[in-house]
Each structure stands twice: as C-alpha cells, then as structure tokens.
2 protein chains.
Amino acid sequence: MVNKKCIIRLSRYKSALQRLKALGFVKVFSGNLADAAGVTSSQVRKDFSLFGITGNRRGGYSVDELIAKILEILGKNELQRVVLVGAGNIGTALMRYKGFESGGIKIVAAFDIDPEKINRRSELPVLPLEEFADFVKQNSVRVGILAVPDIAAHHVSELMIRSGIMGILNFAPIQLRGADKVIINNINLEVELENLIYFVNAMQKTGQIE
Amino acid sequence: MVNKKCIIRLSRYKSALQRLKALGFVKVFSGNLADAAGVTSSQVRKDFSLFGITGNRRGGYSVDELIAKILEILGKNELQRVVLVGAGNIGTALMRYKGFESGGIKIVAAFDIDPEKINRRSELPVLPLEEFADFVKQNSVRVGILAVPDIAAHHVSELMIRSGIMGILNFAPIQLRGADKVIINNINLEVELENLIYFVNAMQKTGQIE
DNA sequence: GAGTATTTGATATTTTTTTCACAACAATTT
DNA sequence: AAATTGTTGTGAAAAAAATATCAAATACTC
C-alpha cells in the first residue's frame, strides 16, 4: 500500500516545505508543493491521504504542521543512528559528509577489516569488523551502510543481518537480495551511469525522449 | 515505451550474465536470469522483446550473444567518457573508484573552483571550473557527474547544460529539475537513508512489510 | 451575512507496469 | 519419425500507479 516511491516523495515534500518555510511561507497549497517537488497536485493530496494528513478546504495546509507530520512519519523526531562498514573510498567520503547531521541522521561508528584504518579515538571511531555485532547489539542500531568491495559485500551483508541490522544501504556493485524482514536499498553507481548513457544516446539518436 | 526501470533491469541482466559466463555457463533460460536478477521470467522475456532480443524456443539464450546485445543497447561498445564537477568528499571518492573502468566508463577530467584542488598533471586532471565548457565541447563529453555542495548545485547544473552536457548524475542533496532534452538522475543519500529508516520502523511496528 | 471563489478529499478514470496464459516451436526421447 | 517435453514470444488480463473530476467545505468579498 505504501510503497518506496511514495516515501521518497514524502522526503521531497519535506525538503520543499523546509525551503518554503525558510522563505517565510506559513500556508501552502497542494499545487505549490507539487510544483516544488515536481509532481501533480493530485499526487500530493493522494500521498497525504495515505498517511491521514489533512488540510483545510480552501485554506490549504499549514507548513509547520505538514513538516511536523512528515518528520513524524519518516521517524525523524529522534536522531537515527547508523553504522557504516568499509572505510575505503566511498565509506570515508560518507564519514566526512556533513549533510546527514542536519537531517537527524548520524553515523555513529564505522568498521573495517584493515588494521591500518582502525581509529578508536576519533569522534567517529573506526573499529575492527569483529566488534560489529557487539556494537550493533549494544547500541541497538538498526540501519547500516555497506561500502565494501564487491567481493566482500555478500559476506558483510550476512554479518549485518545476523547482528540485527534491518535496513542496509548498499553501495557495493552487486545486487544484494534482501532476506526476510530486511530492507536493502542498492545504490549502484555504474548502473546509474549506464542508465544516463543509454538515455543520452537514445535522445541523440531520436532527438527526443520519453 | 522504454522506461528507466527497464534499462536498470537490463543493467542487472548484464551483470548477472557476466557472472554466469564467469561460472562457465554458455546458455541461459529466462528463468535463470530472472532468479539472478530478482524478477520474473515473464519480465525478462518482455524486456527482451522490447529490444528485439530473441532466443531459441526450448534452447534458451546464448550467454555470449545476450551480453553482446545488451552491451550494444547500453552503448558500452565504446568507452564512455564522463566528467566530474566537485572534487570534494564524494567527488574525490568517485575519482578514486576503480569500478568504472572495467565497465567501460571513464572519468576523464574533474573540475573545481578551489584553486588548491587543481592538478593538471594527474592522470585524472582536476581543472578549474572556468575551463569546463571548453573541455566538454572539445572532447564532446555528454555525461557529467555533479558532486558539489547544494548551494552551488543549481548554478553548476546550468553551466553543465549550457556546455552541452545531456545527462547529469546529481549527488547534491537537491532535486535538480531537468531542462528539455537533458536527463538528470538524482542520488540523494539522505533520502535513501530516510527511506530505509521509514521501512525499518514500519517493519518493527507491524512485524511485517509489503 | 449572503454570495462567490477556491481548495481539499474522495472517487472515477486513465495510464503504466507486471504477470498470466498459451500457441508455436525446437530439442529429446521412444 | 512420432510423441513428448520444455521454453520462448506475445497478446490478454490483472495489478499498480498516476491523473482527472467534482461535490463539499471554507475563507474571503461586498
């Protein structure tokens, strides 16, 4: 009933609303939000109705209320703690990425097998992979980012699931298949680029797309 | 008719086939591929029929032929040159990422406004942003990766489009709206994590999902 | 405070995507 | 060589998602 695309739109509405709020808006109509998020106003209202979000007929929606409700739905009222496995290229970039904290998401620890990468004293400690299960259990972390080379990805994903992780954001270039009751979102850079290249080629051939 | 999801599946079939080939498989049935890619066999055959890919009734498909045809469709017969803007956290990680080259994609140059980041002598040169338009035109690059902070993203995307870039892979945490005849794929890490968190929460509440 | 204009919310319609079902066909067996 | 088995390819059916429609509601005007 509530599918992935719908939640992604909610995230987008949230960002748009926060922008609108920063600009001083107090009320918003479904049409405004739709424009800001690149969808139709019907879509916005449909999505809202799915979560029981209501506005005032003719009066639109209160920006503050909307933001509050969406944050609630997305579970952003409390800080979400996330762990990271793989302190390589992408892992390190994610560790340094500042954008998460403002959004209520915090990488609380990273893990790697390479002893050289271990650093317990850092604000964001890098710990040996052997400590992963204990850490996750003790801190009841439920979401993990997987940024290890493809050869290790399957093995690490199993460790994560075994340790109690229920959601994995996978950057390894293999399609991880979710076990039961585990959500896996794959981000595959090569696939994204291939996609782009296909449509660019197609557009160049036909002069038009879609 | 041919939509984004379909091309993403093609990419997945390609990976699965390359794996199967490495394992020594010569023939494959739609069901095998479906399993490997996590879809139904109908889906596989439908996708193939869209691109005029045919097999032998009862004989399945030749792995080599399939790979060749998919590579052809995805435009992977020639090396695809890509540029990158933003040599920060994520940009640098992408520059170092080795996975692309094996897949026929090569980042040929990166660009940044920070003079400290400029490095013309590197194998993957980092050039000042002012040179972007010229470089893209002279090298007829059509795909670019955008990895700059959100404040700069809009401005840079316009520069890219003005310079002739037709496909943008956007890592900035804002939803870039595609101009006409420009494809934009957005990768928003926060949105991905929010998504994961929502479903993990939902699962924990209900004990089941989907 | 009646009348008007405008927006929501719910339902209906359309479009898109996926799955089903099965005829046509090609290996394999008898 | 006939029968059988198993797989493709495709058109039809079903499911899912997006969009359009419009009565009900409510803010605003005069």
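Every chain is numbered from 1, with letters handed out A, B, ... down the list of sequences.
Side-chain N/O atoms of Lys46(B) and base N/O atoms of dT19(C) include a donor-acceptor pair closer than 3.5 Å.
If you measure from atom OH of Tyr61(A) to atom C1' of dT7(C), you get 8 Å, rounded to the nearest angstrom. Rounded to a whole Å, the CD atom of Gln43(A) is 16 Å from the P atom of dA16(D). Rounded to whole angstrom, the span from the CG atom of Leu50(B) across to the C1' atom of dT16(C) amounts to 13 Å. In this structure, CD1 of Ile7(B) is placed 15 Å from C1' of dT17(C), rounded to the nearest angstrom. In this structure, CD1 of Ile8(B) is placed 11 Å from P of dT18(C), rounded to the nearest angstrom. Atom CD in Glu65(B) sits roughly 15 Å away from atom C1' in dT8(D) (whole-Å rounding).
Listed by chain and number, the residues in a side-chain hydrogen bond (donor to acceptor under 3.5 Å, both in side chains) with Lys21(A) are Asp64(A) (sequence neighbours excluded). For Phe25(B), there are no ring-ring contact (aromatic ring centres under 6.0 Å, His included) partners, not counting sequence neighbours.
No engagement by Ser41(A) is indicated, since no non-hydrogen atom pair under 4.0 Å with the nucleic acid exists. Using a 4.0 Å heavy-atom criterion, one finds that Phe48(A) contacts no nucleic acid atom at all.
When each of Ile161(B), Val182(B), Leu146(B) is paired with Leu176(B), the side-chain contact (heavy atoms from CB on, under 4.5 Å) condition holds for Leu146(B) and for no other.
Nearest nucleotide to the Phe29(A) side chain, out of dT7(C), dA17(D), dT8(D): dT7(C).
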Please report, to 0.1 Å, the donor-acceptor pairs under 3.5 Å made by any side chain of residues 164-173 of chain A, with sequence neighbours excluded.
| residue | atom | partner | partner atom | Å |
| --- | --- | --- | --- | --- |
| Asn170(A) | OD1 | Ala172(A) | N | 2.8 |
| Asn170(A) | ND2 | Ala172(A) | O | 3.3 |
| Asn170(A) | ND2 | Ile174(A) | O | 2.9 |
| Asn170(A) | ND2 | Asn186(A) | OD1 | 2.8 |

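Look at Lys5(A) and you'll find a side-chain N or O under 4.0 angstrom from OP1 or OP2 of dA18(D). Within the structure, a side-chain polar atom (N or O) of Ser30(A) is placed less than 4.0 Å from OP1 or OP2 of dT8(C). For dA16(D), the OP1/OP2 oxygens have no side-chain nitrogen or oxygen of Asn3(A) closer than 4.0 Å.
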Per-nucleotide protein contact string for nucleotides 21-30 of chain C (B base, S sugar-phosphate only, - none; heavy atom under 4.0 Å): B-BBBBB---
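Among pairs with a residue in residues 136-147 of chain B, those fulfilling side-chain hydrogen bond (donor to acceptor under 3.5 Å, both in side chains) read Asn201(A)-Arg142(B), Gln204(A)-Arg142(B), at least two apart in sequence or across chains. Evaluation of the side-chain hydrogen bond (donor to acceptor under 3.5 Å, both in side chains) test over residues 83-105 of chain A, restricted to residues two or more places apart or in two chains, returns none.
The neighbour count for Ile113(A) CD1, taken as heavy atoms of other residues, nucleotides or ligands under 6.0 Å away, does not exceed 12.
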